[in-house]
Amino acid sequence: MNAVRPAAPQLAGIQPYDPKYLPAEVMLSANENTLDVPFEIRREVEREVRRTAFNRYPDPLANDLRDMIAEANGLDRDQVLMGNGGDELLFDMALAWGGPGRTFMNLPPTFSVYAYNARITNTAVVDVPRRADFSIDEDAVLERLAQGDIDYTIVTSPNNPTGDLAHFSFVKKMLEISDTLVMVDEAYFEFSRYTARPLLAEFDNLVILRTFSKAFSMAGVRLGYILGNEQVLDEFKKVRLPYSVDAVSQAIARVVFANRAEFERGIDAIIEERQRLEDALNEMPFVTAFPSESNYILFRIDESRDAAVVWELLYEAGILVRDFSRAQYLENCLRVSVGTHDENTRFLEALESILTM
Ligand code: PMP
């Protein structure tokens, strides 16, 4: 016998997550910070890494980091949990609040990983789609939530890939009318400076997701965290991998978090460039850009042009953006991350010449 019996049935027909992250001269596809951690901070990181024991297991919960993040947010250590990127914590949420017989409410179009995690954990997914302008259909969400069968939901603010915020008053209503566990995914909140954090003091059914990957230039290091109440975080602890946050990542993140004020100038520059990109895109023929509070802009190309072909031609010109042209709700859309002034200019010039060919 040499055959292999089938994998778990919920995996049938699933394609592994593939963001088409290809090498390119101008990388504007993954909403990274295009500038790496500043040189002086990297020097400090190197000193901290040198002091790190490689032969010992790391602190499983990264308590030093938890303390730093708790203090910055006016919380206790028990209200902070670290993960191997926000991605790990999203997966943990599906493990802890999803599963057979359980239900997740999704607000598409949004980050595709949420629905993916639900599917592989055998969790039922209820979609409450956004409106044509990508704003959340708040009444529909609240009505659906009021039915009482949703175990967990994720509201992304700013939303990826559409760039818009979930309003504080709406999140508050969601928390008030149900005991559903509501995650507000604030992976990009530093670019909007708008947070649901004050609601943590009032509601036990709220968790907030944050990451070091975007504003803090650490996508390659893999560190994210959630803020929430202690009992909820205890459930996440039951499903998390014991040593998912390695000692080197912890050392790097301690230095970066202690120096987080140094990133403010870069964040301001991204916000400024975002406006320039949005204006320039909207002036371009055949393009509609959606307003963004984040470090990327979603834009739709007129149906006289095929966005997948535009994506290909941009790539041939050395520029990688994200292709959503065939994704549900996002037909003929592409997403560009905000880069440096020069990268953005190169992207805009290439796009304009492709569209007016
Ligand atoms: N949430 C959203 C909305 C994202 O776009 C991402 C990254 N693409 C994440 C969470 C996870 O980021 P990371 O795992 O790098 O922390």
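All residue numbers in this chain count up from 1 along the given sequence.
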**Q** For a quick check under 3.5 Å, do N33 and S217 share a side-chain donor-acceptor pair by atom type?
**A**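 Their side chains do contain a donor-acceptor pair, which is all the 3.5 Å distance test asks for.
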**Q** When clusters are formed by joining ILVMFWY residues with side-chain heavy atoms under 4.5 Å apart, either directly or through shared neighbours, do M27 and L298 land in the same one?
**A**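 Not linked; separate clusters.
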**Q** E186 and R197: salt bridge (charged side-chain N to carboxylate O under 4.0 Å, His left out), yes or no, with the steps?
**A** CA-CA 10 Å; E186 294 187 354; R197 188 186 63 189; over 6 Å; no
**Q** Answer yes when D67 and R254 have at least one side-chain N-carboxylate O distance shorter than 4.0 Å, and no when they do not.
**A**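 The answer is no: the pair does not qualify as a salt bridge.
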**Q** Under 4.0 Å between a Lys/Arg side-chain N and an Asp/Glu carboxylate O for D234 and K237?
**A**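 The answer is yes: the pair qualifies as a salt bridge.
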**Q** With a 3.5 Å distance limit and no angle check, can you tell me whether N205 reaches the backbone of L175 through a side-chain donor-acceptor pair?
**A**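 Looks like yes, one N/O pair under 3.5 Å.
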**Q** Between N159 and P109, is there a donor-acceptor pair closer than 3.5 Å when you use the side chain of the first and the backbone of the second?
**A**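 Yes; judged by distance alone, with no hydrogens or angles, the pair exists.
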**Q** At their closest point, which heavy atom of I120 faces which heavy atom of L11, and how far apart are they?
**A**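 Shortest heavy-atom separation between I120 and L11 comes out as CG2-CD2, 3.8 Å.
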**Q** Minimum heavy-atom separation for T180 to I150, with atom names?
**A**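 Result for this residue pair: OG1-O, 2.7 Å.
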**Q** Is L223 reachable from L233 through a run of I, L, V, M, F, W or Y residues, each pair having side-chain heavy atoms under 4.5 Å apart?
**A**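 Different clusters.
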**Q** Could you point out which residue of F324, Y188, F290 forms a ring pair (Phe, Tyr, Trp, His ring centres under 6.0 Å) with Y296?
**A**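 Testing Y296 for a ring pair (Phe, Tyr, Trp, His ring centres under 6.0 Å) against F324, Y188, F290 leaves exactly one candidate, Y188.
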**Q** Any salt bridge linking E48 with R51? Criterion: basic side-chain nitrogen under 4.0 Å from a carboxylate oxygen.
**A**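 The answer is yes: the pair qualifies as a salt bridge.
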**Q** Could you tell me whether K238 and E235 have a side-chain N and a carboxylate O separated by less than 4.0 Å?
**A**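 So K238 pairs with E235 through a salt bridge.
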**Q** Within the 3.5 Å criterion, strictly below it, is a donor on S325 or D323 matched to an acceptor on the partner's side chain?
**A**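 Yes.
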**Q** For T123 and T121, which I'm curious about, is there any donor-acceptor pair between the side chains at under 3.5 Å?
**A**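 Side-chain D/A pair, T123 to T121: present.
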**Q** Between the side chains of D149 and R144, is the shortest nitrogen-to-carboxylate-oxygen separation below 4.0 Å, so that they form an ion pair?
**A**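 Salt bridge between R144 and D149, a charged N being under 4.0 Å from a carboxylate O: yes.
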**Q** How far apart are the closest heavy atoms of G228 and V207, and which atoms are they?
**A**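 Result for this residue pair: CA-CG1, 4.1 Å.
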**Q** Donor-acceptor pair, N332 side chain versus I301 backbone, under 3.5 Å?
**A**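 Flag set: sc N332 to bb I301 pair under 3.5 Å.
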**Q** I need the I226 CD1 to T211 OG1 distance, nearest 0.5 Å.
**A**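 Answer rounded to 0.5 Å: 12.5 Å.
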**Q** What closest approach, in Å, do W311 and V321 show between heavy atoms, and which atom pair accounts for it?
**A**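 Residues W311 and V321, closest heavy atoms: NE1-O, 2.7 Å.
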**Q** Tell me if a side-chain donor or acceptor on R130 pairs with a main-chain N or O of L107 at a distance below 3.5 Å.
**A**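 At least one qualifying donor-acceptor pair exists.
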**Q** Please work out which of the three classes, parallel, tilted or perpendicular, describes the rings of H167 and Y194, given edges at 30° and 60°.
**A**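 Geometry flag for H167 against Y194: perpendicular rings.
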**Q** Measuring from D164:CG to D133:CG, what's the distance to the nearest 0.5 Å?
**A**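 D164 CG to D133 CG: 8.0 Å, rounded to 0.5 Å.
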**Q** Could you go through T345 and R276, starting from their C-alpha distance and side-chain angles, then the distance that decides it, and tell me whether this counts as side chain to side chain donor-acceptor pair (under 3.5 Å)?
**A** CA-CA 10 Å; T345 300; R276 181 173 82 92; 2.9 Å; yes
**Q** Please report the interatomic distance OG(S249) to CG(L65), rounded to the nearest 0.5 Å.
**A**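 These two atoms lie 9.5 Å from each other.
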**Q** Decide yes or no on side chain to side chain contact (heavy atoms under 4.5 Å, CB included) for D185 and Y114, but give the supporting numbers first.
**A** CA-CA 11 Å; D185 181 343; Y114 311 150; 2.6 Å; yes
**Q** Using every non-hydrogen atom in the two residues, find where E278 and P291 come nearest and quote the distance to one decimal.
**A**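 In terms of heavy atoms, the two residues are closest at OE1-CA, 3.7 Å.
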**Q** Is NZ or CZ of R260 both nearer than 6.0 Å to the six-membered ring centre of F257 and within 45° of the ring axis?
**A**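 Verdict for F257: a cation-pi partner in R260.
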**Q** Looking only at non-hydrogen atoms, find the nearest pair between T52 and A251 and report the distance.
**A**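 So the minimum-distance heavy-atom pair works out to OG1-CB, 3.6 Å.
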**Q** Determine whether W97 and T153 make a side-chain contact, defined as any pair of heavy atoms from C-beta on separated by less than 4.5 Å.
**A**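 No. Closest side-chain heavy atoms not under 4.5 Å.
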**Q** Is any side-chain heavy atom of R274 less than 4.5 Å from a side-chain heavy atom of F191?
**A**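 With C-beta onward as the side chain, the pair touches.
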**Q** If you apply the rule side chain to side chain donor-acceptor pair (under 3.5 Å), what do you find for N160 with R335, and how did you get there?
**A** CA-CA 10 Å; N160 177 12; R335 187 195 66 199; 2.7 Å; yes
**Q** Could you go through T340 and D342, starting from their C-alpha distance and side-chain angles, then the distance that decides it, and tell me whether this counts as side chain to side chain donor-acceptor pair (under 3.5 Å)?
**A** CA-CA 5 Å; T340 60; D342 289 351; 5.6 Å; no
**Q** Will you find, in the side chains of N31 and S337, an N or O donor that is under 3.5 Å from an N or O acceptor?
**A**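 Per modelled atom types, N31 and S337 side chains form a pair under 3.5 Å.
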**Q** Looking at Q231, I want to see if its CD is surrounded by more than 12 non-hydrogen atoms of other residues, nucleotides or ligands under 6.0 Å.
**A**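 More than 12 within 6.0 Å, yes.
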**Q** Can you name the residues that form a side-chain hydrogen bond (donor to acceptor under 3.5 Å, both in side chains) with S192, not counting sequence neighbours?
**A**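 Counting only residues at least two positions away or on another chain, S192 forms no side-chain hydrogen bond (donor to acceptor under 3.5 Å, both in side chains).
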**Q** Tell me, with the steps shown, if L351 and I319 meet side chain to side chain contact (heavy atoms under 4.5 Å, CB included).
**A** CA-CA 10 Å; L351 180 64; I319 301 158; over 6 Å; no
**Q** Between E138 and K173, does any NZ, NE, NH1 or NH2 come within less than 4.0 Å of an OD or OE carboxylate oxygen?
**A**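 No, K173 and E138 are not salt-bridged.
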**Q** Are more than 12 heavy atoms, taken from residues, nucleotides or ligands other than E272, located less than 6.0 Å from that residue's CD atom?
**A**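 Not more than 12 within 6.0 Å, no.
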